[in-house]
Amino acid sequence: MSGGPRIIAAPDVYKLIRPKDLLPVIEKALGNYSMGRDGGVIQPVRTVVPIEKYHGFLGVMSAFSGRDEALAVKLVSFYPEAKDHPTHQAWVMIFNPATGNLTAIVDGESITAIRTGIASAVASKHLANPNASVLAILGSGIQARSHFEALSLLHSFAEVRIWSRTLANAQKLATEIGAKACSTAEEAVRDADIICTVTFATTPIIQADWVKPGAHINAVGACRADWQELSSQLMKTSVVYCDSRDACNQEAGDVIQSGCDIYAEIGEVINGHKEAFWEKTTVFKSVGIAIEDVVSAKMVLDRYVNCPTMTNG
Ligand SMILES: NC(=O)C1=CN([C@@H]2O[C@H](COP(=O)(O)OP(=O)(O)OC[C@H]3O[C@@H](n4cnc5c(N)ncnc54)[C@H](O)[C@@H]3O)[C@@H](O)[C@H]2O)C=CC1
Ligand SMILES: O=C(O)C1=NCCCC1
């Protein structure tokens with residue numbers, strides 16, 4: 001290896017990745033992942049180290065995509081109670097799969113923000129009513145913003161509603177994006193066509209009877225086996241899709257605590273192997289998987305090396 005790895009920081013990631021361009025790339029990656037050996041993805045379930053003393057976690061997320069010739073690992077810390085620094089901090093290390101050389105270290109906070117919203121947009125593309133006009137977002141942090149941006153690629157919503165534990169935070173985000181702040185989660189969710197839960201809640205914030213039949217829910221928080229964002233009844237009465245069965249059966253409290261069946265991985269729908277019941281109430285349970293980071297980081301690196309202003313070439 002000559003010159004050591006390139007370091008690509010968040011501002012460059014935001015310049016290089018356009019969410020619109022990433023959507024088909026994530027869609028393909030999720031499809032490849034769900035094809036098993038034929039898809040060429042090797043991805044163990046992530047390791048999560050709980051740091052009980054400080055109420056934090058460190059996740060190690062690695063994957064190889066044979067079809068993309070891409071190998072990377074993301075190290076992500078998440079500290080739900082963080083006040084004076086971001087709750088998620090991450091770096092993605094990209095390796096040359098032929099030699100094992102470390103080629104780049106890319107900011108992972110930006111990648112996590114963008115790719116998670118895009119994964120939910122991919123799920124919504126397949127599972128939500130194509131005429132969806134009301135979007136509800138529960139939570140007002142990084143993922144709330146990225147989900148608004150990602151879902152706006154698919155729909156021009158007549159109404160966007162934001163609920164957050166602290167009304168002032170909901171109002172701040174609502175003002176920024178031209179949405180309506182709601183004082184209760186129920187008010188936000190009633191009659192919504194697409195609902196995104198992007199919080200650190202550990203007990204359910206949505207009840208089944210608030211949800212319009214046929215709505216689609218992207219359930220993005222609750223990535224620990226004993227955390228839930230959706231009530232067990234809602235999980236059991238919806239058609240449940242996920243990013244990874246292996247990961248969700250190990251990590252997703254919404255699945256584990258409710259005992260619901262997972263109907264399909266979203267990749268199986270993308271591959272045409274499972275049905276998209278978009279006219280029924282559907283949940284996309286997302287815990288986040290490494291292949292999403294691998295293909296996103298590869299897009300950043302490929303564009304970086306081809307961008308003369310970044311490489312001083
Ligand atoms: N599925 C995936 O691929 C990913 C999932 N996540 C998860 O998405 C969620 C949101 O992440 P970020 O927006 O980055 O975090 P953030 O720290 O920027 O925002 C967190 C939001 O959750 C709210 N919140 C915290 N505790 C709550 C509670 N007990 N009840 C209701 N709301 C509560 C906060 O007020 C804030 O609005 C987290 O659970 C995070 O771990 C994050 C990245 C990837
Ligand atoms: O996929 C990710 O990245 C994360 N998922 C759950 C919470 C930590 C980050």
Side-chain angles (χ1 to χ4, degrees), residues 22-23 25-48 57 59-68 70-76 78 88 90 92 108 111-112 114-127 143 196-198 216-230 235 238-276 282-297:
L22 189 62
L23 196 143
V25 172
I26 294 279
E27 188 172 36
K28 193 136 208 20
L30 290 166
N32 290 343
Y33 170 72
S34 295
M35 252 182 231
R37 287 175 78 89
D38 293 344
V41 174
I42 302 183
Q43 179 193 276
V45 174
R46 70 184 152 212
T47 306
V48 180
F57 304 87
V60 182
M61 304 175 65
S62 55
F64 169 62
S65 169
R67 291 190 179 180
D68 297 292
L71 172 67
V73 57
K74 179 169 85 175
L75 302 180
V76 55
F78 54 110
H88 296 79
V92 182
I111 285 187
T112 304
I114 302 166
R115 66 71 155 150
T116 307
I118 292 297
S120 293
V122 168
S124 306
K125 178 181 150 190
H126 292 274
L127 302 177
Q143 290 297 339
C196 302
T197 58
V198 281
H216 170 67
I217 305 166
N218 297 302
V220 173
C223 66
R224 302 290 296 162
D226 55 351
W227 294 359
Q228 285 178 275
E229 281 187 313
L230 309 191
M235 291 301 287
S238 304
V239 187
V240 177
Y241 300 79
C242 67
D243 45 13
S244 156
R245 278 179 200 276
D246 288 349
C248 285
N249 284 330
Q250 191 167 313
E251 295 187 335
D254 286 321
V255 170
I256 296 162
Q257 300 299 325
S258 67
C260 72
D261 290 326
I262 296 175
Y263 169 69
E265 290 179 345
I266 192 63
E268 296 176 281
V269 175
I270 293 164
N271 295 335
H273 297 154
K274 286 285 178 101
E275 220 169 314
T282 50
V283 171
F284 171 57
K285 181 58 223 166
S286 153
V287 287
I289 54 176
I291 195 64
E292 299 167 347
D293 301 307
V294 170
V295 296
S296 305

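All values below were derived from every heavy atom in this structure, side-chain atoms included, with hydrogens, water molecules and symmetry-related copies excluded.
- Here the side chain of Gln43 pairs no donor or acceptor atom with the backbone of Met61 at under 3.5 angstrom.
- In this structure a side-chain-to-backbone donor-acceptor pair under 3.5 Å is present from Arg46 to Gly288.
- The closest donor-acceptor contact from the side chain of Asn271 to the backbone of Gly31 lies under 3.5 Å.
- Without hydrogens or angle criteria, Gln257 side chain to Ala225 main chain gives a donor-acceptor distance under 3.5 Å.
- In terms of modelled atom types and a separation under 3.5 Å, the side chain of Asp254 and the main chain of Glu229 share a donor-acceptor contact.
- With Ser238 contributing its side chain and Val240 its backbone, the two residues share no donor-acceptor pair below 3.5 Å.
- Checked against side chain to side chain contact (heavy atoms under 4.5 Å, CB included), Thr282 has the following partners two or more places apart in sequence or in another chain: Leu127, His216, Val239, Tyr241.
- Ring pair Phe78/His88 is parallel by interplanar angle, where below 30° counts as parallel and above 60° as perpendicular.
- Note: Ser65 OG to Lys28 NZ = 9.5 Å, rounded to the nearest 0.5 Å.
- Rounded to the nearest 0.5 Å, atoms NZ (Lys285) and OG1 (Thr197) are 6.0 Å apart.
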Go through Val73 and Val60 one step at a time and tell me if the side-chain contact (heavy atoms from CB on, under 4.5 Å) criterion holds.
-> CA-CA 7 Å; Val73 57; Val60 182; 3.9 Å; yes

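- Atoms CZ and CG, on Arg115 and Leu22 in that order, are 10.0 Å from each other to the nearest 0.5 Å.
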Does the pair Val287 and Asp243 meet the rule for a side-chain contact (heavy atoms from CB on, under 4.5 Å), with working shown?
-> CA-CA 7 Å; Val287 287; Asp243 45 13; 3.7 Å; yes

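- Under 3.5 Å, the side chains of Asn218 and Ser124 contain a donor-acceptor pair of N or O atoms.
- Glu251 contributes atom CD, which lies 12.0 Å from atom CG of Asp226 (distance to the nearest 0.5 angstrom).
- Residues passing the side chain to side chain contact (heavy atoms under 4.5 Å, CB included) test with Ala29, sequence neighbours excluded: Ile291, Val295.
- Residues Val41 and Phe64 fail the side-chain proximity criterion, which asks for heavy atoms closer than 4.5 Å.
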Go through the steps for Lys74 and Thr112 under the test side-chain hydrogen bond (donor to acceptor under 3.5 Å, both in side chains), then give the verdict.
-> CA-CA 10 Å; Lys74 179 169 85 175; Thr112 304; 2.7 Å; yes

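- Taking every heavy atom of both residues into account, Tyr33 and Ser244 meet most closely at OH-OG, 2.8 Å.
- Of the residues Ile289, Ile262, Val283, Val255, the one that meets the side-chain contact (heavy atoms from CB on, under 4.5 Å) test with Cys242 is Ile262.
- Partners of Lys274 under the side chain to side chain contact (heavy atoms under 4.5 Å, CB included) rule, at least two apart in sequence or in another chain, are Arg245, Tyr263, Ala264, Glu268, Val269.
- From Gln228, atom CD reaches atom OG of Ser258 across 6.5 Å, with rounding to the nearest 0.5 Å.
- Listed here is the closest heavy atom pair of Ser34 and Gly267: OG-CA, 3.3 Å.
- Looking at heavy atoms from C-beta onward, Asn249 lies out of side-chain contact with Ile256 at the 4.5 angstrom threshold.
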Tell me, with the steps shown, if Leu30 and Val122 meet side-chain contact (heavy atoms from CB on, under 4.5 Å).
-> CA-CA 9 Å; Leu30 290 166; Val122 168; 4.3 Å; yes

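- Within 6.0 Å of atom CG in Asp261, 12 or fewer heavy atoms from other residues, nucleotides or ligands are found, so the atom counts as exposed in its surroundings.
- Taken to the nearest 0.5 Å, the CD1 atom of Ile114 stands 10.0 Å off from the CD1 atom of Ile26.
- Ala290 and Ala63 make their closest contact through CB-CB, 3.8 Å (heavy atoms, listed as atom of the first residue, atom of the second, distance).
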